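Here is the structure we will look at, set down as structure tokens.
Note that these values count all heavy atoms, side chains included, but never hydrogens, waters or copies made by symmetry. Keep in mind that this is a model prediction, so the values were computed, not measured. Residue numbers start from 1 in every chain, and the chains themselves are labelled A, B, ... in the order their sequence lines are given, proteins ahead of strands.
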Amino acid sequence: MGRAIAALIARDLRLAVRAGGGGGMAVFFFLITVSVVAVGVGPNLSLLAQIAPGILWVALLLSSLLTLERLFQADLEDGTLDLLAMGPLPLEAIAAAKAFSHWLTTGLPLLVAAPLLGLLLNLPVNVFPPLILSMAIGTPALSFLGAIGAALTVGVRRGGLLASLLVVPFYVPVLIFGVGAADEAISGAPPGVMLQALSLLGAVTLASLVIGPVAAAAGLRAALK
Amino acid sequence: MAPPAARMMTLRAADLACIRGGRLVYEGLSFEVASGEALVLVGPNGAGKSSLLRQIAGLVERAAGDLTLEGGKEDTPVGEQAHYLGHLDALKPAFSVEETLRFWAAFLDGPGGGALDVLPALDAVRLGDLADLSVAYLSAGQRKRLALARLLVAPRPLWLLDEPSVALDKASTAILAELMEAHMALGGLIVAATHLELGLKRQLTLDLSPRRQVA
Amino acid sequence: MLTASQRLQAFANPTRFMALSGRLVAPLGVLTAAVMAVGLYFALFASPPDYQQGETVRIMYIHVPSAWLSLFVYSVMAVASGVALVFRHPIADVCAKAAAPIGAAFTFLALVTGSLWGEPMWGTWWVWDARLTSVLILFFIYLGYMALRATIDDPHAATRPAAVLALVGFVNVPIIHYSVNWWNTLHQPASVFRIDGPTVASSMLVPLMTLAVGFTLFFVVMLLVRMRAEVLRRRVRAMSLRRAEG
């Protein structure tokens, strides 16, 4: 069973690297969204510094959404999902493996790009650690919750847009606690308050690691039958 | 190729019914296939050949009836003891021929072993020379043969084949028949839907034509 | 049946290009290294530090040629795309495709050096200065072009969409630049800092110009190498297709 999971994750990573889209495209979208917001808000650096955590988190969230559509759809369209479902793994494990691959190929690159984009927005130096930490804790939730939307819309034409609409409400707690941790640092609150936001974020992520695969597997089952 | 299972197995379907999109496709369907036998499904389009295969594979819900693989693994669904070769070939253009098969070997290989290694399996479907080639460059017939090779790298007693000879030329159809005979000789079971003659030495036939509607 | 000219375009052209470029790469590479060495010597050792900026002014010698090249490479790409679109010239298509990542790299270099230069000047790594913002958007156009190329597997199917995008970008770059200028002056009436203009001393002009020539030569060498690689890649692809058939 471990071998099957490893094979599936390795396959998804290789596909993501070879197909060239995926993570690279998400990082590009992240960069362009942050830039467009800055152009919209204006080049006032002190204003940008104030709202930087919010901009970065929202842009990261949108970039992550962008790549959800193909999470299961490509495998459904070419019949791979049928064969995966007939394999030794329960669909829950398949959904979890694919969500994890999604995080590795999308969440992680976005996380790496975030400090660079922080520079673009004049993010104060002391806010970098809590912001990046909050993203490291929160991005897995984006992939695992996103898997639900991707699975529910897997057989739907233009499913990506619909998946975004379904998933964004579930992203709200991640956004609140994620931005919260960084905002506490900006306003100079004591570390205790920040830790509270981070631990709440961690709780949301842990919950999503369970809810995501279970709900996604139910969605996939409905699409297969 | 070692036998998928030394003991005798019987796939037994009793009173199967299938409803697709609110339409009753078939009901009261019963049949048996034993080790070393091939059951060929015939009937016009829409008679439910593909649905029956997917039902056995566990990919389509059973509206009624029972399906068991006697002599197989008790706690494992029938679908997990079966290979399914459908219209979609589940091939990724980003992978090479060999990589494709290596993935399926690693993913499907349960305990028990007895399957072919990747390269001998490619030789068996006459794709050995193209192992390093990208799947993107394969012709329709080559893709079908690669999909067929998947059945050889993981041992599963039951083969479910949906129009396996489509897109295959005469020589490739002969390879297919040869592989099916070999599978049965080792105690495997086959259920296949086809319009074309597969060239098997002996086969059972199940006609899914909806006769009742004619009368 | 293919016409004679179609045959020529499909086969003779790349073959002649491969022969010619194969002879050019090595001598051009040596020349590039020599010009770059001279330019870097002037830039790093034989020119005085700026009386205001001190040693950081030396970033300019990399920054300014990179910025020029970012626009120059795009122009090359646009012309090649035009030729590829109108005359269906396969080498022009290869040229446009091969130029894009080099142009993106120069643009990225211009952005990074601009940011490194800005830190001591403005006390921050980035300002949404009109110039930096325009270059950033140019970088996005490069990335978009490369993403489009990467998404379409068949190089022949990619020719037209990629060429159209490159040309639309070419028309749009001045418009973007103008709009960004307008946007920036709207927010910041006083321009912070201007790097060009007649005030550059001749002691700086020599290394700057030498390096600009060196960068351009470097671009030409890289372009030839990448074009050769792309021609070979297409041949491998054609051979793989034949192998699958045969």
What heavy-atom pair brings Ala38(A) and Trp183(C) nearest, and what distance separates the two atoms? O-CZ2, 3.7 Å
With a 4.5 angstrom heavy-atom cut-off, is it the side chain or the backbone of Leu31(A) that approaches chain C, or both, or neither? both
One should read off an interatomic distance between Ile32(A) CD1 and Ile137(C) CD1, to the nearest 0.5 angstrom, of 8.5 Å
Residues two or more places apart in sequence or in another chain: which of them pass salt bridge (charged side-chain N to carboxylate O under 4.0 Å, His left out) with Asp183(A)? none
Quick one: salt bridge (charged side-chain N to carboxylate O under 4.0 Å, His left out) pairs with a partner in residues 154-182 of chain C, sequence neighbours left out? Asp154(C)-Arg237(C)
Pick one of side chain, backbone, both or neither for Leu45(A), based on which atoms fall under 4.5 Å of a heavy atom in chain C. side chain
Residue-level interface, residues 102-116 of chain C with chain A, non-hydrogen cut-off under 4.5 Å: none
Under the ring pair (Phe, Tyr, Trp, His ring centres under 6.0 Å) test, which residues partner Trp126(C), sequence neighbours left out? Trp128(C)
Please classify the contact between Leu136(C) and chain A as side chain, backbone, both or neither, with a heavy-atom cut-off of under 4.5 Å. side chain
Where is the tightest heavy-atom contact between Phe140(C) and Phe28(A), given as atom of each residue plus distance? O-CZ, 3.2 Å
I'd like to know whether CZ of Phe218(C) has more than 12 heavy-atom contacts from other residues, nucleotides or ligands below 6.0 angstrom. no
